[in-house]
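First comes the structure, then the notes that go with it.
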2 protein chains.
Amino acid sequence: MRRNATALAAPPAPSNGATLVNVARAAGVSLATASRVFSNPELVRQDTAERVLQAAGELGFRPNLLGAKLRAQRSRIVGVMLPTLENAVFAECWHGIEEAALAQGYSLMLVTSRYDPARERERIEYLLRHRVDGLVLTVADAARSAVLEQLDAEGVPYVLAYNQAARRGKRYSVSVDNRVSARAGVETLIAAGHRRIAVVSGAFVASDRARQRHMGYQDAMRAHGLQPLPPLSLPAHTPTHTPAEVERIRQFVTAPSAPTALFCTNDMLAIGVIAILKRLGVSVPGDVSVLGYDGIELGQLLEPPLSTVAQPNNEIGARALGCLLARLEPASAGAAPDPRLPRATLLPHALREGATVGPPA
Amino acid sequence: MRRNATALAAPPAPSNGATLVNVARAAGVSLATASRVFSNPELVRQDTAERVLQAAGELGFRPNLLGAKLRAQRSRIVGVMLPTLENAVFAECWHGIEEAALAQGYSLMLVTSRYDPARERERIEYLLRHRVDGLVLTVADAARSAVLEQLDAEGVPYVLAYNQAARRGKRYSVSVDNRVSARAGVETLIAAGHRRIAVVSGAFVASDRARQRHMGYQDAMRAHGLQPLPPLSLPAHTPTHTPAEVERIRQFVTAPSAPTALFCTNDMLAIGVIAILKRLGVSVPGDVSVLGYDGIELGQLLEPPLSTVAQPNNEIGARALGCLLARLEPASAGAAPDPRLPRATLLPHALREGATVGPPA
DNA sequence: ATGAAAGCGCTAACAA
DNA sequence: TTGTTAGCGCTTTCAT
């Protein structure tokens, strides 16, 4: 594909596409100047810029970001790895990330891991091959995540979303205070008069958040002189209810001195549990109260609307991205990364009233 | 940042990163050969390949896809534009797209439009600047979509997901047959004994699918000698129920000779309507039956499980991507694009039984 | 404020 | 089968 083998001293060769070179040529400026018009407009004189812009318009110039990113040695791409979008928590979070990133001139690449370590590895590799400048991600358990260790080892900047970084750790995160907010949630249950409150969780071992929220539950119980009950752990992420699942819940809520309130560690779980209870003829909140955690919008759409500990999902995404960019661009290409930048950003939760919590039966 | 300004005839300059050049050097082969090991392994001898692979391993080589994509003049990036991920339909679709794309060695860039034309334009421009080879997208109304017209004009390959391309049009799409499937759905209502059936829809004017499904409804009614009723059009995409909305539904279902069954043009709408009915003390399906459309997994999680016309959302995504790739790689870099390739792929729907449909009151 | 020149890391003719 | 070579489109010193 050699073009213009005949041109000697003449200007290189008219390439076909609407590239910067052609824009520059049409505007009668150098490639460098044309480039500056788009990346550093303040470095070029007003009228020169206008000529370039006009030429660009006429040629239908569309900057090729691949070229820019390759050359610039910073791709301005942020990789995003979320467990799944089928849980609205993460869908809402993505929207926050997307708005924030595009507003700052950053590009995004999204992958979903389904909490599968093998997939996580592979997807991260995919992102790294695209030379993302950094990552925003949620893992099942930050404390034992192979993928985070790899990232640490390679020195790839990342910010966790939802996973709450250790207070004195080196990792960055944006989340609510899972433990404190869970405690606050359970305390609304206690305030409603409940004494026998149990936690319902997805795969406990797998999720650091489930564990932290469970601890918050224990805090609340102990602070009020109540006995923490053994939790019900459900196989997470089931698309539909298995008979075995239904049966376990039946036993759980009909046993002698069964709990009068259930604290589910996430909203999807709560919604599923409420459906099962209804199927079993157990009234919510008449017979059993149910409190969720997450604050997905869907919860408010249901009847009764889900009572829940709401996280600002959109904002978690937006702030996680903002935090990452702050690390990537220390004071707009200024000094070293501010060491006092707080590692774990804690956003306020909210207690959403709903109507799935009532007084004990 | 000039390195090695002293090197004269000597080999260029040892660059720092683990690049292909360095791998090649370490393996004692040329850049071209090293490249082939990764892109066209069949062109290189077994043992040579192994040496290269080993060198790559030792250097911790990670291919820079930015370089590859820039040079190759085909980015192998597919742009994806979906209205929102907060509707599980599209979240499920994304997962199908993601699996399919990564399995084929393609990269993805996702944007969400919220059905907002301004955002659509802007997001498409963003994707085009990244030099996506093609697009998979869902628009509100394919028949009057500025963005599709632009794409057509620019000759950008794309495949619609969910939007059903006209039978004899030039556009490609992957969807169910909205009209036929809607008719089938409404016929289950009729089979259950309903005579007064009404459509509930989001923004009617905005969505081509809502219109097509409404036509399917009319087909069913007429075929059975029934009188189509005026539809109830609800402000779409409301996160929560406004009092006005509740009131409109109350009047709708309590009017004299009110419908005994409602066909909602999508599942989220159905879920919201069911909640409102419950709040109004109207039993589903005791007093009014409700049929949804979409088949999101969430529907089965509720109690009663949502009766719905199910689309294969995952597969719609996967197939749309497959269709696009088939256009991008005519018979694996063979002949011209097969003109007989069907434009509108119609996938089978399924009637999901659920329990929100019963006999008329 | 602008230009000249040197690549970013990779692929793909073409030649050997 | 392998190597040589010429860039993809852009940004960025450095010099003017």
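Numbers restart at 1 for each chain; the letters A, B, ... are given by sequence-line order, proteins then strands. None of these values were measured; they are calculated from a predicted model.
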Separation of C:dC8 atom C1' from A:N64 atom CG, nearest Å, is 13 Å

Taken to the nearest whole Å, CG/B:D133 to C1'/D:dC8 is 14 Å

On DNA chain D, more 5' by nearest nucleotide between B:L70 and B:A49 is B:A49

Checklist entry - Do A:R36 side-chain and C:dG3 base share a donor-acceptor contact under 3.5 Å? => result yes

ask   = Is A:D152 salt-bridged to A:K170, cutoff N-O under 4.0 Å?
value = no

Separation of C:dC10 atom P from A:K69 atom NZ, nearest Å, is 18 Å

Does B:T19 make a side-chain N or O approach to OP1 or OP2 of C:dG9 shorter than 4.0 Å? no

Test your reading of the model: is there a side-chain donor-acceptor pair from A:D133 to the backbone of A:L328, 3.5 Å cut-off? no

Against the side chain of B:A32, the closest entry in D:dG3, D:dC10, C:dA4 is D:dG3

Rounded to whole Å, CD of B:E50 lies from P of D:dT2 at a distance of 12 Å

B:L66 atom CG is separated from C:dG7 atom C1', nearest whole Å, by 15 Å

- Message: Classify A:S39 by what it touches in the nucleic acid, base, sugar-phosphate, or nothing, heavy-atom distance under 4.0 Å.
- Response: sugar-phosphate

Mind checking if B:L65 touches a base, just sugar-phosphate, or nothing, with heavy atoms under 4.0 Å? nothing

Taken to the nearest whole Å, CG/A:L59 to P/D:dG9 is 14 Å

Per atom distances to the B:L31 side chain, the nearest of C:dG3, D:dG3, C:dT11 is C:dT11

Any salt bridge linking B:R121 with B:E125? Criterion: basic side-chain nitrogen under 4.0 Å from a carboxylate oxygen. no

- Candidate pair A:S107 and B:H130, rule side-chain hydrogen bond (donor to acceptor under 3.5 Å, both in side chains), full reasoning: CA-CA 9 Å; A:S107 309; B:H130 285 90; 2.6 Å; yes

Shortest non-hydrogen pair, A:T112 vs B:W94, comes out as CG2-NE1, 3.9 Å

Here the distance between atom C1' of D:dG9 and atom CG of A:L20, to the nearest Å, is 8 Å

Any B:T48 side-chain nitrogen or oxygen under 4.0 Å from OP1 or OP2 of D:dT2:
yes

Between B:S145 and B:L148 (side chain of the first, backbone of the second, donor and acceptor by atom type, cut-off under 3.5 Å), is there such a pair? yes

**Prompt:** Are OP1 or OP2 of C:dT11 and a side-chain N or O of B:S35 less than 4.0 angstrom apart?
**Reply:** yes

Closest of D:dT11, C:dT11, C:dC8 to the A:Q73 side chain is C:dC8

Separation of D:dG9 atom P from B:R74 atom CZ, nearest Å, is 16 Å

*asked:* On the nucleotide D:dT4, are OP1 or OP2 found under 4.0 Å from the side-chain N or O atoms that B:S30 carries?
replied: no

Q. So what does A:F38 touch, heavy atoms closer than 4.0 Å: a base, only the sugar-phosphate, or nothing?
A. nothing

Side-chain contact check for B:R71: nearest option of D:dC8, C:dT2, D:dC10 is D:dC8

- [ ] Give one of base, sugar-phosphate or nothing for A:A68, where a contact means two heavy atoms less than 4.0 Å apart.
- [x] sugar-phosphate

Among D:dT11, D:dT2, D:dC8, the one nearest any side-chain atom of B:T33 is D:dT2

